[in-house]
Amino acid sequence: MTDDDVLAEFRAADALLEGHFILSSGLRSPRYLQCARVLMNPRRAARLAEGVAARIPAALRARITAVVAPAMGGVIAGQEMARALDVDAMFVERPTGTFELRRGFRLEPGQEVLMMEDVVTTGLSSREAIKAIEAAGGRVIAGAALVDRSNGTADIGVPFFPLIRLEVPTYQPDDLPPELQAIPAIKPGSRAAA
C-alpha cells in the first residue's frame with residue numbers, strides 16, 4: 001500500500017479534514033485525519049491494518065502474541081491489526097486519567113505485544129500506553145499506527161511502524177499563524193486537550 005493509496009482511503013471516507021483543529025496533545029493544526037471515519041468501514045479498516053502489518057518485519061511479526069491499543073481512538077485499529085496478525089486484541093483505558101488494562105484483559109509475564117495506535121503526533125499517548133502494558137506484565141516489542149503525523153520525529157521507545165508518515169504543521173496555541181487565528185478551533189479527537 002503506497003502513501004497515495006492510504007490518502008485515497010482517507011479521502012474516500014471524507015476523513016482528511018481542513019480547518020483549525022485542537023489535537024489531543026494540545027497543539028493546533030490546519031489539517032486533521034479523522035481515523036474514526038476511515039475505520040468505520042470494516043473492509044477499509046481491514047485493508048489499512050493489513051497494510052500496517054505488511055510493514056512490520058516478518059521475524060518481528062511472528063513474535064507478537066497480542067495487540068494492545070489505547071482507548072478510545074486505537075480500539076478499532078487495534079482490533080483490525082489483531083485480526084491481520086491472527087492474535088488477540090485488548091485495549092488500555094483511562095478511567096482515572098492514567099492508562100490501565102481492565103475489563104478482565106490479562107497479559108502473561110513477558111508476553112510480547114504490539115502497541116497499536118490510530119494516529120501518533122508527539123508519541124505521548126503511545127509512551128503512556130506502553131507504560132501501562134508493561135505494568136500489566138506485557139513486553140512491548142513494537143508499536144504501529146495508521147498515521148505518524150510527526151513524519152518520523154516521535155519517539156515511542158520501541159521500533160515503530162506507521163502505515164504513512166506525514167508532515168503536518170502543528171503550532172502552540174499561543175503561537176498561531178494568522179490563518180488559524182482567523183477561524184474557530186474545534187476538537188475532533190477522543191481526548192480532552194492537554
Side-chain angles (χ1 to χ4, degrees), residues 1-25 27-58 60-61 64 66-92 113-126 129 140 142-156 158-170 180 183 185-191:
M1 185 171 264
T2 68
D3 287 358
D4 287 340
D5 295 334
V6 175
L7 291 174
E9 295 281 10
F10 274 84
R11 285 187 189 99
D14 291 326
L16 191 55
L17 310 176
E18 304 262 338
H20 180 180
F21 303 102
I22 303 171
L23 306 177
S24 61
S25 64
L27 297 172
R28 306 296 179 90
S29 179
R31 283 185 284 294
Y32 189 82
L33 290 111
Q34 182 54 273
C35 286
R37 281 201 55 85
V38 82
L39 294 171
M40 67 187 218
N41 178 284
R43 286 189 179 92
R44 179 178 289 122
R47 283 193 301 273
L48 294 172
E50 289 163 7
V52 177
R55 293 180 188 262
I56 301 170
L60 188 58
R61 243 186 359 250
I64 296 166
V67 173
V68 180
M72 180 72 202
V75 172
I76 296 171
Q79 180 72 31
E80 289 300 329
M81 177 57 81
R83 183 192 325 259
L85 297 174
D86 195 25
V87 298
D88 287 340
M90 297 174 233
F91 57 88
V92 291
V113 173
L114 173 76
M115 189 283 306
M116 179 67 187
E117 284 266 32
D118 56 350
V119 177
V120 170
T121 299
T122 65
L124 177 62
S125 291
S126 298
V140 179
L146 295 178
V147 178
D148 173 8
R149 284 180 50 105
S150 80
N151 198 28
T153 63
D155 179 6
I156 66 168
V158 295
F160 178 49
F161 303 95
L163 182 57
I164 188 169
R165 284 189 163 98
L166 297 174
E167 187 169 351
V168 179
T170 57
L180 289 188
I183 55 177
I186 61 170
K187 175 72 179 94
S190 63
R191 183 165 60 127

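By convention here, the first residue in the shown sequence is residue 1.
Of all the heavy atoms in Arg37 and Asp14, the pair that sits closest is NE-O, 3.3 Å. Residues Ala129 and Val92 come closest through the heavy atom pair CB-CG2, 4.0 Å. Counting all heavy atoms, side chain and backbone alike, Gly19 lies closest to Ile183 at C-CD1, 3.7 Å.
Glu117 contributes no side-chain N or O that, together with a main-chain N or O of Ala144, makes up a donor-acceptor pair within less than 3.5 Å. Side-chain N or O atoms of His20 include none that pairs as donor or acceptor with a backbone N or O of Pro30 at under 3.5 Å. Remark: side-chain polar atoms of Arg61 are paired, donor with acceptor, to backbone N or O of Ile56 under 3.5 angstrom. The backbone N or O of Phe161 lies less than 3.5 Å from no partner atom in the side chain of Arg55, so there is not a single donor-acceptor pair.
Every residue meeting the side chain to side chain contact (heavy atoms under 4.5 Å, CB included) condition with Met1, not counting sequence neighbours, appears here in chain and number order: Asp5, Val6, Glu9, Arg47, Leu48, Leu163. With sequence neighbours excluded, the residues satisfying side chain to side chain contact (heavy atoms under 4.5 Å, CB included) with Val168 are Ser29, Arg31, Arg149, Leu166.
Summarising the geometry, atom CG belonging to Asp155 is positioned 10.5 Å from atom CZ belonging to Phe160; distances are rounded to the nearest 0.5 Å. Atoms CD1 and OG, on Ile156 and Ser125 in that order, are 11.0 Å from each other to the nearest 0.5 Å. Atom CD in Gln34 sits 9.0 Å away from atom CZ in Phe21 (nearest 0.5 Å). In this structure, CG on Asp3 lies 4.0 Å from CD1 on Ile164, to the nearest 0.5 angstrom. Between the CG atom in Asp148 and the OG1 atom in Thr153 there is a gap of 7.0 Å [rounded to 0.5 Å].
For the residue pair Thr2 / Asp4, no side-chain donor-acceptor distance below 3.5 Å is found, with atom types taken as modelled.
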Listed pairs under 3.5 Å, donor-acceptor, residues 66-90 side chains, sequence neighbours left out:
residue	atom	partner	partner atom	Å
Glu80	OE1	Arg83	NE	3.1
Glu80	OE2	Arg83	NH2	3.0

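Taking 4.5 Å as the limit, some side-chain heavy atom of Leu39 sits within range of a side-chain heavy atom of Leu146. No side-chain heavy atom of Leu33 sits under 4.5 Å from any side-chain heavy atom of Leu17. Arg44 places a side-chain heavy atom less than 4.5 Å from the side chain of Val38.
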(message) Would Phe10 and Val147 count as a side chain to side chain contact (heavy atoms under 4.5 Å, CB included) here? Give the steps.
(response) CA-CA 11 Å; Phe10 274 84; Val147 178; 3.7 Å; yes
(request) Report the C-alpha distance between Leu23 and Tyr32 in whole Å, list the side-chain angles of each, state the deciding distance to 0.1 Å, and finish with yes or no for side chain to side chain contact (heavy atoms under 4.5 Å, CB included). (result) CA-CA 8 Å; Leu23 306 177; Tyr32 189 82; 3.7 Å; yes
